[in-house]
Chemist: 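What follows is a structure written as structure tokens; I'll ask about it next.
These numbers come from a predicted model, not from an experiment.
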Amino acid sequence: MLQIAFIRENQEKVITALAKRNMDAKELVEQVVQLDESRRSVQAEMDNSLAESNKLSKDIGDLMKNGEKSKAEILKLKNVSLKENSKAASDKLEVLTHELTQKMYLLPNLPAEIVPFGKTPEENLNVFESGEIPKLHGEALPHWELVKKYDIIDFELGVKITGAGFPVYKGKGAKLQRALITYFLDKNTDAGYLEYQVPHLVNEASAYGTGQLPDKEGQMYHDATDDLYLIPTAEVPVTNIFRDVIIAENDLPILCTGYTPCFRREAGSYGAHVRGLNRLHQFDKVEIVRVEHPDKSYEALEGMVNHVKEILDELKLPYRVLRLCGGDMGFASALTYDFEVFSTAQDRWLEISSVSNFETFQANRLKLRFRDKDGKNQLAHTLNGSSLALPRVLAGILENYQTPDGIVIPEVLRKYTGFDSID
């Protein structure tokens with residue numbers, strides 16, 4: 001979340017910045033500031049009562065030592081009243097702190113200065129494009145037809161077992177999926193990221209820590225019995241490794257990667273844009289997460305973007321990079337770059353990765369800090385990116401690499417698949 005001191009001292013700046021997200025935050029910011037003022041006033045009242053009570057306790061002890069019991073009894077009565085006032089102030093402080101926290105959870109991160117204005121994905125800024133769009137043969141098919149033709153993914157079987165959005169990968173389809181996961185992890189670990197295997201369920205504190213709650217509560221699968229959430233991305237458990245941690249400045253940066261299945265309820269819509277692998281409730285993804293010094297986080301963000309570019313260049317897929325406008329950015333992000341691969345058979349761009357800098361937004365929720373050279377604790381910056389999400393990468397490979405005789409496997413994946421084509 002945003003830091004309360006920053007909000008208090010920069011109300012207009014916060015309101016103006018959030019307008020870039022097409023959010024009228026004036027009333028909410030005013031409520032936050034008013035609650036903070038009340039909280040600080042009650043805190044001061046409680047602190048004063050406690051200080052006076054402590055002084056009285058010392059005076060009572062001195063009087064008892066000097067045999068002045070009657071005077072001590074008078075002060076004891078006064079001290080009882082002070083303690084009652086302190087308890088009432090403490091109870092009120094707890095309520096105000098909770099109300100303030102709940103209000104602050106509703107404020108998204110402030111967009112970075114270079115985030116473009118805009119309300120819709122059509123207003124995102126295209127900042128990079130690479131690769132030639134292949135010319136397919138006249139009978140080229142979209143991937144949902146290709147997987148049926150070559151019997152490598154079964155959507156109907158997934159519906160039978162679970163429901164729509166839970167495909168079953170088979171044979172060479174399953175091996176290609178596994179090859180992509182291993183390839184992505186190898187690329188990430190070769191680049192210095194430490195691999196983690198993490199739980200696929202997280203508690204409420206973890207979901208709040210990275211900003212999924214309360215913003216995306218309706219999109220997450222929730223087990224009410226144990227109050228646990230299926231993860232929508234490995235970002236959540238991996239970043240929460242560092243919740244309530246103070247890191248030595250010399251240990252920065254910290255680079256992590258991990259593969260997990262991801263689960264998202266996402267309200268369904270209809271049409272070709274959500275057919276097949278284009279939108280799923282369960283899908284595989286390899287994630288990269290970084291904990292950075294604030295002075296170096298944007299340099300790190302560019303490095304992450306270049307890292308994902310390198311993967312797509314090796315896969316030889318046509319892709320572009322978009323800088324998201326304020327209206328299309330995620331709740332916790334300060335700056336996001338989306339990667340899209342071109343699906344020739346569908347004649348459209350498919351999002352395959354988001355790479356984001358959250359600055360201190362997640363770290364403030366997580367209490368993730370580093371100790372600087374002066375011995376002071378400072379909030380770190382957190383970043384994450386898909387490296388990569390598999391479904392649409394797989395769709396892009398199947399569609400762009402199809403020939404009349406089968407689907408050619410990208411050369412960089414062949415040592416992982418053990419085969420050169422699907423036919």
Side-chain angles (χ1 to χ4, degrees), residues 1-2 14 17-23 25 28 104-125 127 202 206-221 229-240 260 262-267 279-280 283 285-292 297-298 300-302 304-305 308 321-340 349-366 368 381-389 391-392:
M1 67 182 80
L2 300 177
V14 170
L18 291 179
K20 189 179 278 190
R21 288 181 174 271
N22 307 298
M23 177 182 183
L28 182 55
M104 289 183 66
Y105 277 145
L106 301 178
L107 287 170
N109 202 357
L110 305 185
E113 288 187 8
I114 64 170
V115 171
F117 284 89
K119 296 182 179 180
T120 66
E122 289 69 34
E123 295 168 275
N124 294 332
L125 186 63
V127 296
V202 294
S206 293
Y208 269 99
T210 46
Q212 274 63 40
L213 293 180
D215 178 56
K216 294 181 173 61
E217 188 168 12
Q219 295 181 25
M220 298 176 72
Y221 287 98
Y229 293 84
L230 279 167
I231 60 170
T233 165
E235 168 203 345
V236 182
V238 172
T239 309
N240 271 277
T260 65
C262 304
F263 304 88
R264 300 184 186 179
R265 296 184 66 234
E266 294 191 277
R279 181 172 296 173
L280 300 174
F283 60 94
K285 183 152 69 83
V286 175
E287 196 81 357
I288 49 177
V289 170
R290 296 178 72 122
V291 180
E292 288 280 349
S297 67
Y298 278 95
L301 181 66
E302 291 303 314
M304 294 168 74
V305 168
V308 176
V321 184
L322 305 175
R323 185 185 301 149
L324 296 193
C325 68
D328 199 33
M329 278 204 319
F331 184 86
S333 175
L335 178 62
T336 295
Y337 290 99
D338 267 9
F339 282 75
E340 296 181 338
W349 293 97
L350 303 174
E351 181 194 335
I352 54 168
S353 174
S354 288
V355 182
S356 302
N357 188 348
F358 304 106
E359 297 187 355
T360 61
F361 191 84
Q362 290 182 332
N364 193 29
R365 291 187 176 209
L366 295 160
L368 165 53
H381 279 196
T382 61
L383 305 92
N384 89 279
S386 310
S387 178
L388 289 161
R392 294 171 185 169

Chemist: One pair to check against side-chain contact (heavy atoms from CB on, under 4.5 Å): V289 and L383. What are the steps and the verdict?
Modeler: CA-CA 6 Å; V289 170; L383 305 92; over 6 Å; no

Chemist: CD of E123 to OG1 of T120: how many Å apart, nearest 0.5 Å?
Modeler: 4.0 Å

Chemist: If you take all heavy atoms of D215 and F331, which pair is closest and at what distance?
Modeler: OD2-CB, 3.2 Å

Chemist: For E359 and L335, what are the C-alpha separation, side-chain angles and deciding distance, and is it a side-chain contact (heavy atoms from CB on, under 4.5 Å)?
Modeler: CA-CA 9 Å; E359 297 187 355; L335 178 62; over 6 Å; no

Chemist: Output yes when a side-chain donor or acceptor of R264 lies under 3.5 Å from a complementary backbone atom of P232, and no otherwise.
Modeler: yes

Chemist: Among pairs that include at least one residue of residues 326-336, which meet side-chain hydrogen bond (donor to acceptor under 3.5 Å, both in side chains), considering only residues two or more places apart or in two chains?
Modeler: N124-D328, S333-T336, T336-S356

Chemist: What orientation do Y105 and Y208 show, parallel under 30°, tilted 30 to 60°, or perpendicular over 60°?
Modeler: tilted

Chemist: Testing the basics here: between F339 and V305, what is the closest heavy-atom pair and its distance to 0.1 Å?
Modeler: CZ-O, 3.4 Å

Chemist: Nearest heavy-atom pair of T210 and A332: which atoms, and what distance?
Modeler: O-CB, 4.2 Å

Chemist: Minimum heavy-atom separation for K20 to P111, with atom names?
Modeler: CD-CB, 3.9 Å

Chemist: Keeping the roles fixed (side chain from N364, backbone from M1), state whether a donor-acceptor pair exists under 3.5 Å.
Modeler: yes

Chemist: Could you give the distance from OG1 (T382) to CZ (R365), rounded to the nearest 0.5 Å?
Modeler: 11.0 Å

Chemist: Distance from L388 atom CG to K285 atom NZ, nearest 0.5 Å?
Modeler: 9.5 Å

Chemist: Given side chains that start at C-beta, do those of Q212 and V236 come closer than 4.5 Å, heavy atoms only?
Modeler: yes

Chemist: Is there side-chain contact between V127 and L322, with at least one heavy-atom pair below 4.5 Å?
Modeler: no

Chemist: How long is the gap from CG on L110 to CG on L18, to the nearest 0.5 Å?
Modeler: 5.0 Å

Chemist: For the residue pair P108 and R21, establish whether any side-chain heavy-atom pair is separated by less than 4.5 Å.
Modeler: yes

Chemist: Does the side-chain contact (heavy atoms from CB on, under 4.5 Å) test come out yes or no for E235 and F358, once each step is laid out?
Modeler: CA-CA 12 Å; E235 168 203 345; F358 304 106; 3.7 Å; yes

Chemist: Tell me every residue that passes side chain to side chain contact (heavy atoms under 4.5 Å, CB included) with E351, counting only those two or more places apart in sequence or in another chain.
Modeler: D338, E340, S354, R392

Chemist: Supply the atom-to-atom distance L2 CG to F361 CZ, rounded to the nearest 0.5 angstrom.
Modeler: 5.5 Å

Chemist: Grab the two heavy atoms, one from E292 and one from A300, that are nearest each other, plus how far apart they are.
Modeler: OE2-CB, 3.4 Å

Chemist: Which atom names give the shortest non-hydrogen contact between N240 and S206, and what distance separates them?
Modeler: ND2-O, 2.9 Å

Chemist: Please determine whether side-chain contact (heavy atoms from CB on, under 4.5 Å) holds for the pair E287 and S387, giving the CA-CA distance in whole Å, both sets of side-chain angles, and the decisive distance to 0.1 Å.
Modeler: CA-CA 5 Å; E287 196 81 357; S387 178; over 6 Å; no

Chemist: Let me confirm one number: the OG1-CZ distance from T239 to R290, rounded to the nearest 0.5 Å.
Modeler: 13.0 Å

